[in-house]
**Student:** 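This is the structure I want to talk about, given as structure tokens.
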Amino acid sequence: MKKAPIKISAAANVALIKYWGKTDLEKNIPSAPSLSVGIEDLRTDTIISESREDKDTLIGKFKKSDEQRILNYVFMAKKLLGVSGGLEIETENNFPASSGLASSASGFAAIALGIDKFYGLDMPREDISRLARLGSGSAARSIYGGFVQMDTGPDPFAKPLIVEDPWPLDILVLVTEEQPKKMSSTDSMNLTKDTSPFYSAWLDTQEADFLKAKDAIEEKDFWKLAQISEHNCLKMHSTIMTSKPPHVYWNPTTVEILHQVQKIQKKGLRVFFTIDAGPQVKLICDPSDTQRVLEQFESTSGISRRIVTKVGGEPQIEQLA
Ligand code: DP6
């Protein structure tokens, strides 16, 4: 009998404590724990259905290398789970892919969730997270919304950070470049690990940063979370800038935004920045200050888009008739 198509919407996430470096390149085992928040409105929508032929097909806009990476992943996932049959995977992002807005996280999370549902496997969430991790380390966290932690270990998975009551925070995404980035996160983190003299310092301090951020979230201490997240972000970028050859993901607008954030923080606006492997900046704001923060960036040249969204990003899974 023909299986019903599945529609999945998975959200991107942004790490406040970054995953940067692996102990196993094939299995995407992170060298250190990470902690992220789901971004409600940056999403990948994917439909998984039976393919007419016995081979997997991908529909969507992809770079050749990304297309091959996804097809290899689907092949590997089916083999691992002991399921067969060609799949048609139609996927679309509502944000520019490969530009540092975490398309691999939402993309691979959507496929992992979709394969589970399509074959009726009903796997525990932690196993779906493990499966997503095999596609991309950060995808393990996009299986959930809200604050999510990812541990290390032989076969790690992500899990939601349980907080007593929700902490509503806004996320302001400032897009400073629409073009795909020149170096992927995967290549950059491997190069950093192998060549940056600061990489060992990064690893040595990661656990302490992670625990501090967890405490800040549990205590809902905005400035504690701001301070540790900005520090962790700049530490990661310092390792990237000191790899051989060196690499800088930022553009002049990225730097301009950092300066403006520091200025408005001094005025008391509750906002902090974080930047993944790309030039885009994500600002985390207390909702009572979001409007005023947005006004500060209205006339900054070089920002092509301002996306105002919030912490959230629970995946949605639907069986189509
Ligand atoms: C800077 O998850 O894209 O966004 O596991 O090689 O696919 P692979 O890497 P990826 O790296 C994410 C790096 C980051 C930090 C983070 O999301 O924690």
Side-chain angles (χ1 to χ4, degrees), residues 1-13 19 24-30 36 38 42-63 65-94 97-98 102-145 148 150 154-160 186 313-321:
M1 208 178 70
K2 205 170 176 331
K3 291 188 182 68
I6 306 295
K7 184 174 178 193
I8 314 98
S9 166
N13 68 74
Y19 144 55
D24 186 312
L25 306 194
E26 291 281 296
K27 296 190 190 139
N28 289 335
I29 311 264
S36 63
L42 291 191
R43 284 184 175 266
T44 301
D45 287 330
T46 298
I47 296 176
I48 297 192
S49 51
E50 239 167 59
S51 163
R52 258 173 245 135
E53 299 155 62
D54 194 33
K55 68 175 181 78
D56 299 320
T57 47
L58 206 53
I59 305 172
K61 280 192 227 133
F62 304 98
K63 278 198 305 193
S65 55
D66 287 345
E67 186 171 349
Q68 203 45 56
R69 179 177 172 187
I70 298 167
L71 286 171
N72 290 346
Y73 174 72
V74 172
F75 181 81
M76 178 280 301
K78 288 195 300 182
K79 199 165 161 206
L80 187 74
L81 301 171
V83 292
S84 57
L87 294 179
E88 186 176 283
I89 297 166
E90 192 177 344
T91 185
E92 196 179 14
N93 296 317
N94 68 353
S98 307
S103 63
S104 66
S106 50
F108 284 105
I111 296 175
L113 286 159
I115 287 183
D116 172 67
K117 183 81 178 167
F118 182 79
Y119 289 104
L121 301 173
D122 217 7
M123 295 194 289
R125 276 281 177 109
E126 57 182 65
D127 287 346
I128 303 179
S129 172
R130 286 185 169 114
L131 182 65
R133 191 203 74 226
L134 296 175
S136 184
S138 53
R141 300 185 309 237
S142 273
I143 298 298
Y144 310 95
V148 181
M150 171 82 177
D155 190 12
F157 55 91
K159 56 181 183 231
T186 311
E314 261 309 318
Q316 292 146 17
I317 306 156
E318 190 188 338
Q319 188 162 328
L320 303 177

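Being a predicted model, the structure only gives us computed values, none of them experimental.
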**Student:** To the nearest 0.5 Å, tell me how far D116 CG sits from I128 CD1.
**Tutor:**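 Reported value, rounded in 0.5 Å steps: 3.5 Å.
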
**Student:** Any salt bridge linking K27 with D155? Criterion: basic side-chain nitrogen under 4.0 Å from a carboxylate oxygen.
**Tutor:**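 Looking at K27 and D155, the cut-off is not met.
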
**Student:** Looking at every heavy atom in both S104 and S138, which two are closest together, and how far apart are they?
**Tutor:**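 Taking S104 first and S138 second, the nearest heavy atoms are OG-OG, 4.1 Å.
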
**Student:** List for me each residue that meets side chain to side chain donor-acceptor pair (under 3.5 Å) alongside S9, sequence neighbours excluded, and say none if there are none.
**Tutor:**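 Listed in chain order: R43, D45.
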
**Student:** Is any side-chain heavy atom of I111 closer than 4.5 Å to one of F118?
**Tutor:**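 No. Closest side-chain heavy atoms not under 4.5 Å.
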
**Student:** So Y119 and L87, do their side chains get closer than 4.5 Å, heavy atoms only?
**Tutor:**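 Yes; the side chains approach each other to less than 4.5 Å.
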
**Student:** Please say which of T91, N94, T44 ends up in a side-chain contact (heavy atoms from CB on, under 4.5 Å) with S106.
**Tutor:**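 Result for side-chain contact (heavy atoms from CB on, under 4.5 Å) with S106: T44.
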
**Student:** Could you tell me whether the side chain of V83 reaches within less than 4.5 Å of the side chain of L121, counting heavy atoms only?
**Tutor:**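 In short, these two side chains touch, coming nearer than 4.5 Å.
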
**Student:** Measuring from I8:CD1 to L113:CG, what's the distance to the nearest 0.5 Å?
**Tutor:**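 Between atom CD1 of I8 and atom CG of L113 there are 7.0 Å.
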
**Student:** Who are the salt bridge (charged side-chain N to carboxylate O under 4.0 Å, His left out) partners of K78, not counting sequence neighbours?
**Tutor:**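 So K78 forms a salt bridge (charged side-chain N to carboxylate O under 4.0 Å, His left out) with D56.
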
**Student:** So, taking the atom named CG in D66 and the one named OH in Y73, what distance separates them when rounded to the nearest 0.5 Å?
**Tutor:**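 D66 atom CG to Y73 atom OH measures 15.0 Å (nearest 0.5 Å).
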
**Student:** Considering residues at least two apart in sequence or located in another chain, which fulfil the salt bridge (charged side-chain N to carboxylate O under 4.0 Å, His left out) criterion with K159?
**Tutor:**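 Testing K159 for salt bridge (charged side-chain N to carboxylate O under 4.0 Å, His left out), a comparison that skips the adjacent residues, returns D151.
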
**Student:** Run the side-chain contact (heavy atoms from CB on, under 4.5 Å) check on L81 and L131 step by step: do they pass?
**Tutor:** CA-CA 9 Å; L81 301 171; L131 182 65; 3.9 Å; yes

**Student:** Given side chains that start at C-beta, do those of S136 and R69 come closer than 4.5 Å, heavy atoms only?
**Tutor:**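 Contact flag for S136/R69 side chains = yes.
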
**Student:** How close do D54 and G86 get, heavy atom to heavy atom, and via which atoms?
**Tutor:**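 Heavy-atom minimum between the residues: OD1-N, 3.4 Å.
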
**Student:** Mind checking ring pair (Phe, Tyr, Trp, His ring centres under 6.0 Å) for F157 and listing every partner two or more places apart, or none if nothing turns up?
**Tutor:**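 Result, ring pair (Phe, Tyr, Trp, His ring centres under 6.0 Å) vs F157: none returned.
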
**Student:** Please name all residues satisfying salt bridge (charged side-chain N to carboxylate O under 4.0 Å, His left out) with E126, sequence neighbours left out, ordered by chain then number.
**Tutor:**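 Result, salt bridge (charged side-chain N to carboxylate O under 4.0 Å, His left out) vs E126: R130.
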
**Student:** Give the minimum heavy-atom separation between I89 and T46, together with the two atoms involved.
**Tutor:**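 The answer is CG2-CG2, 3.8 Å.
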
**Student:** For E67, what residues pass the salt bridge (charged side-chain N to carboxylate O under 4.0 Å, His left out) criterion, not counting sequence neighbours?
**Tutor:**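 E67: salt bridge (charged side-chain N to carboxylate O under 4.0 Å, His left out) contacts with K64.
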
**Student:** Quick one: closest heavy-atom pair of I47 and P5, and the distance?
**Tutor:**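 Taking I47 first and P5 second, the nearest heavy atoms are CG2-CB, 4.3 Å.
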
**Student:** Of all the heavy-atom pairs spanning S142 and N13, show the shortest one and how long it is.
**Tutor:**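 Taking every non-hydrogen atom into account, OG-ND2, 2.9 Å.
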
**Student:** Given R133 and I29, is the side-chain contact (heavy atoms from CB on, under 4.5 Å) satisfied, shown in steps?
**Tutor:** CA-CA 8 Å; R133 191 203 74 226; I29 311 264; 3.9 Å; yes

**Student:** Please report the interatomic distance CD(E90) to NZ(K7), rounded to the nearest 0.5 Å.
**Tutor:**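 Between E90 CD and K7 NZ, I get 10.0 Å after rounding to 0.5 Å.
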
**Student:** For E314, look at atom CD and say whether over 12 heavy atoms of other residues, nucleotides or ligands are found less than 6.0 Å away.
**Tutor:**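 It does: E314 CD has more than 12 such atoms within range.
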
**Student:** Closest approach of K3 and E50, non-hydrogen atoms and distance?
**Tutor:**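 Smallest interatomic distance, heavy atoms only, reads N-OE2, 3.0 Å.
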
**Student:** Does a side-chain heavy-atom distance below 4.5 Å link M76 with L134?
**Tutor:**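 With C-beta onward as the side chain, the pair touches.
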
**Student:** Would you compute the distance between atom CG of N28 and atom OH of Y19 and round it to the nearest 0.5 angstrom?
**Tutor:**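 Going from the CG atom of N28 to the OH atom of Y19 covers 4.5 Å.
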
**Student:** Rounded to the nearest 0.5 Å, how far apart are CE of M150 and OG of S36?
**Tutor:**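 Here the interatomic distance stands at 10.0 Å.
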
